[in-house]
Amino acid sequence: MGSNSSRISDLPQNEYLKKLSGTESVSENDPFWNQLLSFSFPAPTSSTELKLLEEATISVCKSLVENNPRTGNLAALIKVFLSRTKELKLSAECENHIFIWQTHNALFIICCLLKIFICEMSEEELHLHFTYEEKSPGSYSSDSEDLLEELLCCLMQLITDTPLLDITYEISLEAISTMVVFLSCQLFHKEVLRQSISHKYLMRGPCLPYTSKLVKTLLYNFIRQEKPPPPGSHVFPQQSDGGGLLYGLASGVATGLWTVFTLGGVGSKAAASPELPSPLANQSLLLLLVLANLTDAPDAPNPYRQAIMSFKNTQDSSSFPSSIPHAFQINFNSLYTALCEQQMSDQATLLLYTLLHQNSNVRTYMLARTDMENLVLPILEILYHVEERNSHHVYMALIILLILTEDDGFNRSIHEVILKNITWYSERVLTEISLGSLLILVVIRTIQYNMTRTRDKYLHTNCLAALANMSAQFRSLHQYAAQRIISLFSLLSKKHNKVLEQATQSLRGSLSSSDVPPPDYAQDLNVIEEVIRMMLEIINSCLTNSLHHNPNLVYALLYKRDLFEQFRTHPSFEDIMQNIDLVITFFSARLLQAGAELSVERVLEIIKQGVVALPKDRLKKFPELKFKYVEEEQPEEFFIPYVWSLVYNSAVGLYWNPQDIQLFTMDSS
C-alpha cells in the first residue's frame, strides 16, 4: 500500500480515500478494497482530535457526495462489507484477525460517511446515494433498491449473532454505533420525527424478525458490562508496503477511550465524562433507549417498545400469550444487579424508569426483592446530590420513587431495613437509620432545595406525592426524620406568612396609588397553601394510621406546637387540623400532668403510654392518600430529546458539531 497517514490532518490527502471519493468507479471485486481496508492509525484521545477527524471526514464526504451519483462507490463499499459479514462468524471461530480487522474498517468508513451524509442531506437524498449504480447515473434498479435496508438488517444480525470475543469486541461496538448513527437524523430536526425511512425499515420487513433478539442482546450487553480487550491484544503491525490509514479510530478501545463532548441543553449540566469501563455496554444501552422511544408507525406500534414491555424472567415457565409479539426471557437477577450498580448514569436511571413503568413483570419482581436497599440507595444518592445532577436525571430518580411508593408492601418493608453509616449523607451523622426514614430525609431535602433554587412545581408535586403514598405506613421514624418533617412545615409556614404580608402591603399600596398595577400574589399564595395542605394531610395520615409506631413524630409535633396554631381556624385547613389539634391537645395535657423539667426519654415514655390511652374513634377518618404516576399525554416530546441528549453526551467515538443540532438547546455553561 502507498504512504501511510500518521496524522488525522493527512486524511484528506490520502490516495485511497481520494480514489473512493473521486470520479472513477471502483468495482466491488477490485483489489483496491483490500488496500483501502488495511489501514492502521492511533485512536484520537482528545476532543480536539475528534473535531479534526470530523473536519477531515467532511472534506472526503463532500467529494463523495458530488461524485457518487456517477461512480456508485458508496454502494460498492457497502456490498464489500455485506459480503464480508457472511463469513464473520466463521472468522471469529477461526480467529481470523485480519479478516475481522478489515471488515471492521469497512464498517468504520461506512459509519463516518453515513454520519456526515445524514447531517448534510434529507433522508430521500440519502436513500438515493445508497442506490446509485455506475451503469445508470442518477437512477437505480430493483436489485439495489433496498441496500440501506439490507445494511441495517446486516447490522442487526452482526450484533445479535457474532460471538463476543476480544477480536470481535470492536466490530460489535462499531455495529451498534452505526445503528445509532443511522437513527441520528432526529438530531437535525426540531420536531419529533413520526415518519421516516429509518422507522419504515425498523418496524416492518426483513428487520422486524430481529426485534426481540436485538433488544435481548442489547440488554445482556448492558448486564455483562464487558470491558474492552487489553491494549495491544489485537493491534496489527503495519503492512510491509506502508500500511493503511486509521486502524483503531472506530471505537478507540485499543489505545484508550475517546474523550466525549458534553451537552448542556435540556436542563443538564456540562460535566467531565469519566472513562467508561465498558464502551459496549454504554453504547448498547443508548441504542436500546433510542429504539424504545421511537414513535409508533401509523399502522403499527413500536415493536422495540413492545419487546421491552413484555419480556419475562428466565425463571418464569408460563407461556407467552399469543397476543404478545416480540416476547423473550432474560435473567432478572442479573438485570437487577446491573441496574443497582449503574445508577450513577442518566441512561441507566432512564432504563430503570422505563422497565418499572412499562414492564409489569420487572416491576413485580423488583418489588418482591428482599434487598431493595441496593436499588433505592443509589436513587436516593442521585436526589441527595441534586446540585450536581441535571434536572432530567433528578426527575427520573424521583418518578422511580413515586412508582415504588405506589406499592404498600414496599412502603412497609423499607422501614424494616436498617442501614448503618450512610457516608454520603453529610448534614448529620447517621450511624443507624431505617431505609424508610432515610428516604423521607432525602425527599424533604429535595423539596427544600427546590423551594430555594429551582422552584419547580412539578418536582414539588412528585416529592409530596411520594411522601403521601408512604405516610400511612410510616414506622418507627428516626427522630431526625420526624424533625425534618416538622421543619419543612415550619419553612412553608414562614413562606406563607411572608407572601400574605406582601399581598397585604401590596393591596394597601394599590389603594393609595392607581398608577401602577399591584403584583398578583394570589397565585403564589394559592400554590403555597396547596403544599401546606398536602403536608398537613401527610402528617394526619401518619397520626391516623400509625400513631403508635411513631412517638418521635408526636414529640416533634409537641415541640413545635405553636406552628400549627394559626391554621386551626383557617378555612383551607380547619378540617385536616382536627386530628392534629386533638393529638397535640391530648399529649400536651399528659405532659402537663407529669410536671416540668422532663427529659427527652421521659417525654417519649409518656407519649408511648398515652398512645394506648388515646381513644382511636376520636380521630376523624379521611380518604387514603394515594397518588399514581401518570405519563404525560405526549411523552415523546420529553423523552426523545432527552435520550438524544444522552447519546450526544455519552456515545463513545461519535461526535456531532453542536452548531448542527436542532433537537435540543445547547447550554454554554
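Side-chain contact between Leu488 and Gln448 is present, with heavy atoms from C-beta onward closer than 4.5 Å. A heavy-atom distance below 4.5 Å is not found between the side chains of Ile382 and Pro378. Between Val643 and Leu286, every side-chain heavy-atom pair lies at or beyond the 4.5 Å cut-off. Contact check for Ser572 versus Phe567: no side-chain heavy atoms found under the 4.5 Å cut-off. Ile418 has its side chain out of reach of Ile433: every pair of non-hydrogen atoms, C-beta onward, lies at least 4.5 Å apart. For the pair Leu464 and Thr461, the minimum side-chain heavy-atom distance is 4.5 Å or more. With contacts defined as side-chain heavy-atom distances shorter than 4.5 Å, the pair Leu218/Leu291 qualifies. Residues Val611 and Lys608 are not in side-chain contact: their nearest non-hydrogen atoms beyond the backbone lie 4.5 Å or more apart.
Closest approach of Arg305 and Ala292 over heavy atoms only: NE-O, 3.1 Å. Contact detail for Ala338 and Ile223: the closest heavy-atom pair is CB-CA, 3.8 Å. Pairing each heavy atom of Leu604 with each of Pro551, the nearest pair is CD2-O, 3.9 Å. Considering every non-hydrogen atom in both Ala556 and Ala482, the closest pair reads CB-O, 3.8 Å. Contact record, Asn361 with Phe311: ND2-O, 3.2 Å, taken as the closest heavy-atom pair. Asn359 approaches Ile308 most closely through the heavy-atom pair ND2-O, 2.8 Å.
Here the CZ atom belonging to Arg475 is positioned 6.0 Å from the NE2 atom belonging to His548, to the nearest 0.5 angstrom.
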Let's go through Phe639 and Tyr353 carefully: what are the C-alpha distance in whole Å and the side-chain angles of both, what is the deciding distance for ring-ring contact (aromatic ring centres under 6.0 Å, His included) to 0.1 Å, and is it a yes or a no? CA-CA 12 Å; Phe639 285 104; Tyr353 157 79; 5.4 Å; yes
Run the side chain to side chain donor-acceptor pair (under 3.5 Å) test on Ser546 and Gln473 for me, step by step, so that the C-alpha distance in whole Å, both residues' side-chain angles and the decisive distance to 0.1 Å come before the verdict. CA-CA 7 Å; Ser546 53; Gln473 278 86 33; over 6 Å; no
Candidate pair Leu477 and Ile485, rule side chain to side chain contact (heavy atoms under 4.5 Å, CB included), full reasoning: CA-CA 10 Å; Leu477 290 183; Ile485 291 172; 4.0 Å; yes
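Ring-plane geometry between Phe489 and Phe564 is classed as parallel, the angle between the planes falling under 30 degrees on a 0 to 90 degree scale with a further cut at 60.
For residues 594-607, the set of pairs meeting the salt bridge (charged side-chain N to carboxylate O under 4.0 Å, His left out) definition, not counting sequence neighbours, comprises Arg602-Glu605. The side-chain hydrogen bond (donor to acceptor under 3.5 Å, both in side chains) contacts involving residues 337-352 comprise Asn282-Gln347, Gln343-Thr349, Asp346-Asn390, Asp346-His393, Asp346-Tyr642, Thr349-His393, where partners must be two or more places apart or lie in separate chains. Note on residues 413-428: pairs passing side-chain hydrogen bond (donor to acceptor under 3.5 Å, both in side chains), not counting sequence neighbours, are Tyr384-Ser426, Tyr384-Glu427, Lys420-Glu432, Glu427-Arg445.
Applying the salt bridge (charged side-chain N to carboxylate O under 4.0 Å, His left out) test to Glu537 and every residue at least two apart in sequence or in another chain returns Arg533. When the salt bridge (charged side-chain N to carboxylate O under 4.0 Å, His left out) test is applied to Lys498, no partner is found at least two apart in sequence or on another chain.
No donor-acceptor distance shorter than 3.5 angstrom exists from the side chain of Arg194 to the backbone of Asp296, with no hydrogens or angles considered. With Gln186 contributing its side chain and Leu663 its backbone, the two residues share no donor-acceptor pair below 3.5 Å. The main-chain N or O of Ile486 is never found under 3.5 Å from a side-chain atom of Ser490 such that the two would form a donor-acceptor pair. In terms of modelled atom types and a separation under 3.5 Å, the side chain of His189 and the main chain of Glu191 share no donor-acceptor contact. The main-chain N or O of Asp316 is never found under 3.5 Å from a side-chain atom of Asn313 such that the two would form a donor-acceptor pair. At distances below 3.5 Å, at least one donor-acceptor pair connects side-chain atoms of Asn293 with backbone N or O atoms of Leu289. Asn302 places no side-chain N or O within 3.5 Å of a backbone atom of Thr295 that could act as its donor or acceptor partner. Panel note: side chain Asp371, backbone Asn374; no donor-acceptor pair is recorded below 3.5 Å. The backbone N or O of Tyr449 lies less than 3.5 Å from a partner atom in the side chain of Thr452, making a donor-acceptor pair.
Judged by distance alone, the side chains of Arg369 and Asn333 do bring a donor and an acceptor atom under 3.5 Å apart. Gln358 and Arg363 are not linked by any side-chain donor-acceptor pair at a separation below 3.5 angstrom, with hydrogens and angles left out of the test. Between the side chains of Ser437 and Ser434, at least one donor N or O sits under 3.5 Å from an acceptor N or O.
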Identify each donor-acceptor pair in which a side-chain atom of residues 579-587 lies under 3.5 Å from a protein atom, sequence neighbours left out, and give them as a table.
from   : atom 1 : to     : atom 2 : distance (Å)
Asn579 : OD1    : Lys620 : N      : 2.7
Asn579 : ND2    : Asn540 : OD1    : 2.8
Asn579 : ND2    : Lys620 : O      : 2.7
Asp581 : OD1    : Arg568 : NE     : 3.4
Asp581 : OD2    : Arg568 : NE     : 3.3
Asp581 : OD2    : Arg568 : NH2    : 3.3
Thr585 : OG1    : Asp581 : O      : 2.8

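Of the charged side-chain nitrogens involved, none lies within less than 4.0 Å of a carboxylate oxygen, so that Asp407 and Arg412 do not count as a salt-bridged pair.
Within a 6.0 Å sphere centred on CZ of Phe622, other residues, nucleotides and ligands contribute more than 12 heavy atoms.
Each of Asp408, Asn411, Thr405 was compared with Asn469 under the side chain to side chain donor-acceptor pair (under 3.5 Å) criterion, and only Thr405 meets it.
Between Tyr629 and His357, the ring centre distance stays below 6.0 Å.
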